[in-house]
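So the structure is just underneath, and the comments pick up after that.
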Amino acid sequence: MNNDEIRGMSNEKEDSYELSIGQLAGLTGFDVHRLRMWERRYGMPRSRRLPSGHRRYRTEEVSRLKLVRMALDMKLRPAQVVPASTDTLERLLSGLYSKQSTIPGFNDTGFLVETLAGYIARYDADSFMQRLYGELSVRGPFRTVYDLVGPFVTRIGDGWSSGELSIGHEHFATNLLNDFLGTVWQRLNERCEGRVCVLATLPGERHVLGLQMCAVVTALAGRQVIYLGADLPVRETIRIANNLRPQALCLSLSPAMPKPEITETLKRLRRDLDSGIGMITGGRGAIDGLTGIERIVEFEQYMQRLTTTA
Ligand code: B12
């Protein structure tokens, strides 16, 4: 089944039970027979029946069942985990993972990303923010952005493409992340006395999460962030940058924008920016090989670039 078909099916019935058993099986990797068997045996995953007799599941079941899979992989018994609520599964898994966190190379990102996705599926903003701030206090800003927020954004994008999450979920998640990342870099920025970096996107670009992540790393590198956000006219970006004379103009580019348009606009920016101002681009829409414009893929490299050059 392709993405359009999946989306079409979930739009057939606009209520909170959005997934058919086939969709749920496809999205969680548990086969249809097992899902039916578990419902008979444990009453979960709970479904609602349409007049035709077909089952419909809440979209939250996907992240709950992904946690069930993680718990089964950790050798817990189906009777213990299949009927458990998402909260119970999170507590169980947090306990198990924290015991293992001392093992070198151990990584619990998958569990955390799934937990965050579960909060989004349930529109639970409080738990989502609490969890992110909790991780921030343990991991610090760089690792939270790099290890957690990046993979989480990808998870939300994939959830939307597969029909698991609605566009409303995606907007809900994006707005919460915007608040979180904005608060993090603004706090760091208060203490920055280093050179300025101007952060912007190109006209027409509405994706700003990459830019917000970039702002956190910029402030961590001790640079003062001047955040211009999305969709500013090029003329204005040039005027501000030439006035402020930053170390660099840093641009976040998504793949949604047409490449020829990006290339033209970047060339124009480079031509009209003072030559002493660096130009750094990042994000999946960034383009290699343009004279005087650096493309940086990883935030580690970006941090290094800002801190090792004046
Ligand atoms: C959230 C989102 C939206 C939101 C954005 C809200 C907001 N305020 O930001 C909304 C709903 C508005 C949206 C709209 C659209 N979107 Co959208 N969106 C996404 C989503 C889920 C996340 C995008 C994001 O923020 N990524 C930012 C970061 C996390 O990712 P990244 O670019 O890979 O960057 C990494 C690094 O490179 C680095 N980085 C980023 N910037 C910088 C900068 C510097 C200097 C450095 C050093 C590093 C760096 O940070 C990241 C770390 O992992 C993606 C799916 C995805 N998996 O990315 C689709 C996605 C980008 N969107 C897509 C599309 C098609 C669109 C629309 C055209 C849809 C439509 N038909 O309207 C519009 C276009 C709007 C526009 N004109 O810009 C496609 C693009 C595909 C393509 N190749 O064309 C994607 C990939 C989804 C998909 N799989 O189809 N979108």
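Source: prediction; values computed, not measured. One-based numbering, in listed order, for ligands and for the atoms of each. For this chain, numbers begin at 1 and follow the sequence in order. Values below: all heavy atoms of this structure, side chains included; hydrogens, waters and symmetry mates excluded.
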Flag, side chain of T59 to backbone of E164, donor-acceptor distance under 3.5 Å: yes
Candidate with minimal heavy-atom separation from atom 28 (C) of ligand 1, of P258, S161, G210: G210
For ligand 1, the portion of E205 having any non-hydrogen atom under 4.0 Å away: both
Sub-3.5 Å N/O-N/O distance, V208 and ligand 1: yes
Closest protein heavy atom to atom 11 (C) of ligand 1, given as residue, atom name and distance to 0.1 Å: E170 OE1, 2.9 Å
Residue part near ligand 1, for H171, under 4.0 Å between non-hydrogen atoms: side chain
P255, any N or O under 3.5 Å of ligand 1 N or O: yes
Ligand 1 to R284 polar contact by distance, N or O atoms, under 3.5 Å: yes
side-chain hydrogen bond (donor to acceptor under 3.5 Å, both in side chains), paired with E39, selected from R34, R46, R55: R55
Heavy-atom nearest neighbour in the protein, as seen from atom 64 (C) of ligand 1, with distance rounded to 0.1 Å: A256 CB, 4.0 Å
Atom 24 (C) of ligand 1 - nearest protein heavy atom and its distance: V153 CG1, 3.9 Å
Proximal candidate to atom 42 (C) of ligand 1 [heavy atom criterion; set A230, G229, G282, S254]: G282
Distance-only N or O hit between ligand 1 and M257, under 3.5 Å: no
Short N or O distance, T174 and ligand 1, threshold 3.5 Å exclusive: no
For atom 17 (Co) of ligand 1, the closest N/O/S atom belonging to H207: NE2
Atom NZ of K267 with >12 non-hydrogen neighbours under 6.0 angstrom: no
Close N or O approach (L211, ligand 1; < 3.5 Å): no
Ring centres under 6.0 angstrom apart (F142, F299): no
Protein heavy-atom partner closest to atom 36 (C) of ligand 1 - residue, atom, separation in Å: V297 O, 4.0 Å
